[in-house]
Amino acid sequence: MADEKRLSARRKHTLKSCMLSVAGTLLDAESTVKAKEREKFLADKCPPLELPYSKEELEELCKKLHEQLDISEEERYSIEFKLNMVLSEVRDLNIKIVDLRGKFKRPRLKKVRMSADAMLKALLGSKHTVNMDLRANLKQVKKEVKEEDKQLRDVGDWRKNIEDKSDRKKMFDS
């Protein structure tokens, strides 16, 4: 930051005024170009009106203008139709995007506590009254206690070992 030179307020003001003047000239040039393009377009589409003096020439001019009006109305109608088609396609695509994105969240399901009998009744209907005691069908396992485990438990009891060692210590002391 120390290396960067800061602009003084006067310098900032002059730069800003220069930028505004350049932008103003650019806007003026752009507006003149647009006006010229508009005049050129109108000259192509609407030639200058020359009013004839005889009745037949006036009728021909009216027919010609009427035909041009019909053509422009047809173009306007076809453009409107195409625009409506494109807008409906855009709407459909937006709907597809929303569907693919998955904006709609699935509701969280409530946990329902139901017994096996109630479930079977709900699934099979009230005709079938099947009583199913699932706990009765469970396999019962009896725990067998091995003799080796008993010995390990007896040897593993540290209180007995300490008491035995204390008796030995008394023997050496006396």
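Along the sequence shown, residues are numbered consecutively beginning with 1. Model, not experiment: these values are computed from the prediction.
Looking only at side-chain heavy atoms (C-beta outward), Lys34 and Ser31 stay at 4.5 Å or farther from each other. Contact annotation: the side chain of Thr14 approaches that of Arg11 to within less than 4.5 Å [non-hydrogen atoms, C-beta and beyond]. With a 4.5 Å cut-off on side-chain heavy atoms, Leu61 and Glu57 do not count as touching. At a threshold of 4.5 Å between non-hydrogen side-chain atoms, the residues Phe81 and Met85 count as touching.
Using a 4.0 Å cut-off between a side-chain N of Lys or Arg and a carboxylate O of Asp or Glu, Lys63 and Glu60 do not qualify as a salt bridge.
Once rounded to the nearest 0.5 Å, the distance linking CZ of Arg76 with OG of Ser72 reads 8.5 Å. A distance of 11.0 Å separates CG of Asp92 from CD1 of Ile97, quoted to the nearest 0.5 Å. Lys64 NZ to Leu69 CG: the interatomic distance, rounded to the nearest 0.5 Å, is 14.5 Å. Atom CG in Leu7 sits 13.5 Å away from atom NZ in Lys16 (nearest 0.5 Å). Taken from OG in Ser78 to CG in Leu83, the straight-line distance is 11.0 Å, to the nearest 0.5 Å. Remark: Ile79 CD1 to Glu75 CD distance equals 6.5 Å, nearest 0.5 Å.
For Glu89, the CD atom counts as loosely surrounded, since its 6.0 Å shell holds 12 or fewer non-hydrogen atoms of other residues, nucleotides or ligands.
A side-chain contact (heavy atoms from CB on, under 4.5 Å) with Val33 is found for exactly one of Lys36, Glu37, Glu30, namely Glu37.
In this view, Val90 and Val86, Asn94 satisfy the side chain to side chain contact (heavy atoms under 4.5 Å, CB included) rule, not counting sequence neighbours.
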